[in-house]
Each structure stands twice: as C-alpha cells, then as structure tokens.
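Some notes on the structure that comes next.
Below, all heavy atoms of this structure are taken into account, side chains as well, without hydrogens, waters or symmetry copies. Position 1 is the first residue of the sequence, and the numbers go up from there. Ligands are counted one by one from 1 in listed order, and the atoms in each one are counted from 1 as well.
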Amino acid sequence: NIQFLRGLNMKRVDAYLSSLGYCSRSEAKKFLKQNEVLFFENRVFNPSTKVNHDNVLVNGEKLDSEKITILMNKPSGVICSHNDSGVLIYSLLPQRWQNRNPKISTIGRLDMDTTGAILLTDDGELNHKLTSPKKDVKKIYEVTLQNPLKGDEKEIFESGNIILNGEEKPLKPAKLTILNDKLVHLEIVEGKYHQVKRMFAYTGNKVVKLHRLEFAGFRVDDLKEGEFRVIEDKF
Ligand code: URA
C-alpha cells in the first residue's frame with residue numbers, strides 16, 4: 001500500500017484545493033470541515049494530508065482538472081485583461097475558476113467590442129504555442145464594413161506585401177471571402193494589435209462590427225455570447 005502510494009504524484013490537499021480555487025490555503029481547515037473531501041474513500045480533515053489529484057472526491061465530485069482550457073463566445077463589452085477597470089472576461093467564469101492559481105488567461109486578445117471565439121487557459125505552454133508568431137495559428141473573422149468594398153481588397157490582402165502603419169514587416173497573406181459589398185470573412189495567421197481594423201483602415205474603410213468565427217480550429221457556432229465550454233482535446 002505504501003509502495004503504491006509512493007508511485008503516485010502526491011501533494012498536500014491544501015495545495016490542490018488552493019491552486020484549483022476551492023479555497024485559500026488558510027481556509028483549507030474550515031473547507032475540509034464543511035465539505036466532504038475523500039481520498040481513497042477516507043475523509044480528509046488535515047490540510048497537510050498528502051493526496052494525488054485523481055483519487056480525491058469533493059462532495060462526490062472529482063477535483064477540477066489540473067490544466068484547464070475553455071472556449072468562449074466572447075460577448076461585446078468585456079475586456080481581455082486581468083488589470084483593467086470595466087467588466088473583465090474572467091468575471092463570466094465560475095468563481096472557483098477565477099480563484100485558480102496559476103490564473104486562467106486568454107490566449108491572445110479580442111478588442112472590447114469584438115465578439116466570438118476565444119480560448120482561455122492556465123496552461124502557459126499552450127498559451128505560448130498558440131500566440132507565437134511562428135506558429136501561424138489560423139483565425140477567421142466575420143467583418144461588417146462601414147463602406148462598400150472598392151474591389152481591390154482581396155488582391156491587396158493576399159499579396160503579402162502590405163505594411164501597416166507603425167509596422168516594419170509586411171503582413172503575411174490573408175484570405176478574403178466576400179459575402180456582399182459590406183460583409184466579408186477574413187482569414188489571417190497573425191494577431192497583431194487591432195490587426196483586422198487596421199487592415200481595413202489601410203484600404204480606406206472602417207470596421208463597424210467584428211466577430212471571430214474560428215480560432216485555431218475552434219468555432220463557437222454552438223455557443224451563445226457569453227457561453228463557454230471546456231476543451232478536452234490534447235493539444
Ligand atoms: N483585429 C482587430 O482589429 N480586433 C480584434 O479584436 C481582433 C482582430
């Protein structure tokens with residue numbers, strides 16, 4: 001039995017409870033009194049008890065997973081930042097997830113007025129992988145324009161040689177699909193600051209509505225604005 005437990009990755013139960021947002025480290029004693037925490041069917045009361053993640057039940061439920069990735073359909077009006085006044089995107093998540101440490105952060109950002117697909121994770125490696133400029137992660141936006149297209153936008157965006165104001169290097173080629181003269185889908189593999197709005201500004205137009213249909217293969221067609229689901233994929 002001892003041999004078996006040695007083979008597991010054991011940590012103090014209060015460390016799990018606090019990093020997964022159930023309670024703070026100092027609240028663990030009270031939490032263990034008020035909630036039924038079982039380790040291999042034994043009730044745990046002592047915060048220093050060593051346990052392994054997969055064999056703990058809290059009020060009959062397994063612990064939240066150690067790494068979490070969430071797909072959200074971001075509503076307009078919420079901010080992708082941890083330190084800003086205003087409504088933060090994280091406030092839409094369950095309180096326990098908001099208490100996690102390491103924190104859940106968005107993978108890249110959408111502007112406050114932009115809606116659609118955004119991933120959130122506490123997995124720093126995944127976040128880095130999907131925001132690295134080298135990885136060419138695909139994003140598809142539905143763009144509503146103030147003025148009708150002029151006709152040369154598709155060619156300009158696909159050329160791979162437009163240089164936005166304040167940038168040094170040209171943008172990688174982007175694909176434009178025209179639905180009507182004020183509604184398009186734009187597929188890009190970069191994520192520069194305000195990129196889509198700046199691309200249309202470059203052509204003399206203005207974006208009046210921006211919705212991300214897809215990020216890294218994840219679409220939010222099944223989610224209403226503000227809704228989210230946990231992504232179980234192995235990345
Ligand atoms: N491009 C923008 O201009 N805004 C966004 O939110 C995303 C891409």
Side-chain angles (χ1 to χ4, degrees), residues 69-93 104-121 126-150 153-154 156-179 182-221 223-228:
T69 302
I70 300 147
L71 172 66
M72 184 186 286
N73 184 351
K74 179 191 170 295
S76 178
V78 307
I79 304 165
C80 296
S81 164
H82 276 294
N83 41 32
D84 211 304
S85 53
V87 185
L88 308 187
I89 190 169
Y90 309 105
S91 71
L92 303 177
L93 299 176
I104 294 174
S105 297
T106 59
I107 300 183
R109 290 180 179 205
L110 290 174
D111 296 337
M112 176 152 108
D113 57 354
T114 302
T115 58
I118 189 153
L119 291 177
L120 303 100
T121 191
L126 176 69
N127 199 322
H128 178 77
K129 202 162 101 184
L130 294 180
T131 48
S132 162
K134 289 178 206 141
K135 293 280 168 32
D136 279 7
V137 172
K138 184 164 102 179
K139 295 112 184 164
I140 305 176
Y141 293 89
E142 179 163 273
V143 189
T144 309
L145 297 164
Q146 186 166 70
N147 308 307
L149 293 167
K150 293 175 186 155
E153 291 86 351
K154 192 173 159 66
I156 292 174
F157 292 160
E158 285 175 7
S159 72
N161 56 30
I162 74 176
I163 299 179
L164 295 177
N165 252 336
E167 301 285 336
E168 295 189 344
K169 287 193 200 157
L171 295 178
K172 292 178 179 171
K175 278 185 209 151
L176 189 72
T177 306
I178 298 168
L179 304 181
K182 287 184 183 173
L183 185 67
V184 300
H185 287 179
L186 180 66
E187 181 182 320
I188 61 177
V189 293
E190 296 158 298
K192 299 204 188 297
Y193 183 65
H194 289 172
Q195 181 164 338
V196 175
K197 291 173 185 169
R198 288 162 73 204
M199 287 173 76
F200 282 98
Y202 181 93
T203 70
N205 212 326
K206 187 167 187 283
V207 172
V208 293
K209 199 158 160 253
L210 189 56
H211 175 74
R212 186 153 70 186
L213 295 162
E214 188 177 316
F215 177 86
F218 294 100
R219 296 182 64 97
V220 289
D221 314 71
L223 296 171
K224 297 199 189 89
E225 282 185 21
E227 289 186 342
F228 53 83

Test of understanding: with side chain to side chain donor-acceptor pair (under 3.5 Å), list the residues that count as partners of K182, not counting sequence neighbours.
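Side chain to side chain donor-acceptor pair (under 3.5 Å) list for K182, sorted by chain: empty.
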Listing, residues 185-193 side-chain donor-acceptor contacts under 3.5 Å, not counting sequence neighbours, or none:
| unit_1 | atom_1 | unit_2 | atom_2 | d |
| --- | --- | --- | --- | --- |
| H185 | NE2 | E142 | OE1 | 2.8 |
| E190 | OE1 | K172 | N | 3.0 |
| E190 | OE2 | K172 | N | 3.4 |

When you measure from the side chain of N205 to the backbone N and O of N147, does any donor-acceptor pair fall under 3.5 Å?
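The answer is yes, because a donor-acceptor pair under 3.5 Å joins these two groups.
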Could you tell me whether F157 and F200 have their ring centroids closer than 6.0 angstrom?
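They qualify: ring centres under 6.0 Å apart.
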Keeping to residues at least two apart or across chains, list the side chain to side chain donor-acceptor pair (under 3.5 Å) pairs with something in residues 78-88.
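Sorted result for residues 78-88: S81-N83, H82-S105.
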Can you list every protein residue that has a heavy atom under 4.0 Å from any atom of ligand 1, sorted by chain and residue number?
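Answer by chain and number: L110, D111, T114, Y141, H194, Q195, V196, K197, L210.
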Please determine whether the number of non-hydrogen atoms from other residues, nucleotides or ligands lying under 6.0 Å from atom CG of D221 exceeds 12.
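Enclosed.
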